[in-house]
Enquirer: 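Before I ask anything, let me first share the structure, which is written out below as structure tokens.
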Amino acid sequence: MARGLPVVVHKSGGAWSDLAMNGEVGLGYETADEAVEAIAKLLTDARAWSDYSMKSLGRVRDITFDRFVERLTELVRKIL
């Protein structure tokens, strides 16, 4: 993601919700055929590659240790 690689992940678990943001910034799949289609789309459609690449770069800026600490601090303050 930090290099602009578009995200293609299985639609279950943390990668789908945290990295791909449920399809907002990445492509998801449930079957092997869907995975092939998602990857083929990125490799054959320059506009799709560019779009998801930019979204990936934008998303990765929010996935840092500093941002994690900020969010954790906010949550702890709400609890206290």
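Scope of the values below: all heavy atoms of this structure, side chains included, with no hydrogens, waters or symmetry mates. All values derive from a computational prediction rather than experimental measurement. Residue numbers run from 1 in the order of the sequence given.
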Enquirer: Locate the shortest heavy-atom distance separating Ala2 from Leu57; write the atom from each residue and the value.
Expert: O-CD2, 3.4 Å
Enquirer: Is there a path from Met1 to Val8 through hydrophobic residues (I, L, V, M, F, W, Y) whose side chains come within less than 4.5 Å of each other?
Expert: no
Enquirer: Between Trp16 and Gly26, what is the shortest heavy-atom contact and its length?
Expert: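 Taking Trp16 first and Gly26 second, the nearest heavy atoms are CZ3-O, 4.3 Å.
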Enquirer: Check for me, please, whether Phe68 and Val60 land in the same ILVMFWY cluster - side-chain distances under 4.5 Å, paths through other members count.
Expert: no
Enquirer: Look at the side-chain heavy atoms of Ile, Leu, Val, Met, Phe, Trp and Tyr, link any pair under 4.5 Å apart, and say whether Leu27 and Leu43 land in one connected group.
Expert: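 Yes, one cluster joins them.
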Enquirer: When rounded to the nearest 0.5 angstrom, what is the spacing between NE2 in His10 and OG1 in Thr31?
Expert: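 The OG1 atom of Thr31 is 8.0 Å from NE2 of His10, to the nearest 0.5 Å.
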Enquirer: Could you note down all residue pairs passing salt bridge (charged side-chain N to carboxylate O under 4.0 Å, His left out) where residues 43-61 supplies at least one of them, sequence neighbours left out?
Expert: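 Qualifying pairs, neighbours excluded: Asp51-Lys55, Arg59-Asp62.
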Enquirer: What heavy-atom pair brings Gly4 and Ser53 nearest, and what distance separates the two atoms?
Expert: O-OG, 2.6 Å
Enquirer: Looking only at heavy atoms, which two atoms of Lys41 and Ala48 are closest? And how far apart?
Expert: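 Smallest heavy-atom distance, with atoms named: CE-CB, 3.9 Å.
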Enquirer: Can we say Arg71 and Glu74 salt-bridge, meaning some charged N sits less than 4.0 Å from an Asp/Glu carboxylate O?
Expert: no
Enquirer: Between Tyr29 and Ile39, is there shared hydrophobic-cluster membership here, with clusters defined by ILVMFWY side-chain heavy atoms closer than 4.5 Å?
Expert: yes
Enquirer: Under 4.5 Å between side-chain heavy atoms, counting indirect links through other Ile/Leu/Val/Met/Phe/Trp/Tyr residues: same cluster for Val25 and Leu19 or not?
Expert: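 No, no single cluster joins them.
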Enquirer: Could you walk me through whether Trp49 and Leu5 satisfy the side-chain contact (heavy atoms from CB on, under 4.5 Å) test, starting with their C-alpha distance in whole Å, then the side-chain angles of each, then the deciding distance to 0.1 Å, before giving a yes or no?
Expert: CA-CA 8 Å; Trp49 177 279; Leu5 186 65; 3.7 Å; yes
Enquirer: Write down the atom of Ser17, the atom of Asn22, and the distance for their closest heavy-atom approach.
Expert: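 Nearest pair, atom of Ser17 first, then Asn22: CA-OD1, 3.6 Å.
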Enquirer: With no hydrogens and no angle check, is any side-chain donor or acceptor of Thr44 less than 3.5 Å from a backbone partner on Ala40?
Expert: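 Yes, Thr44 side chain to Ala40 backbone: donor-acceptor pair under 3.5 Å.
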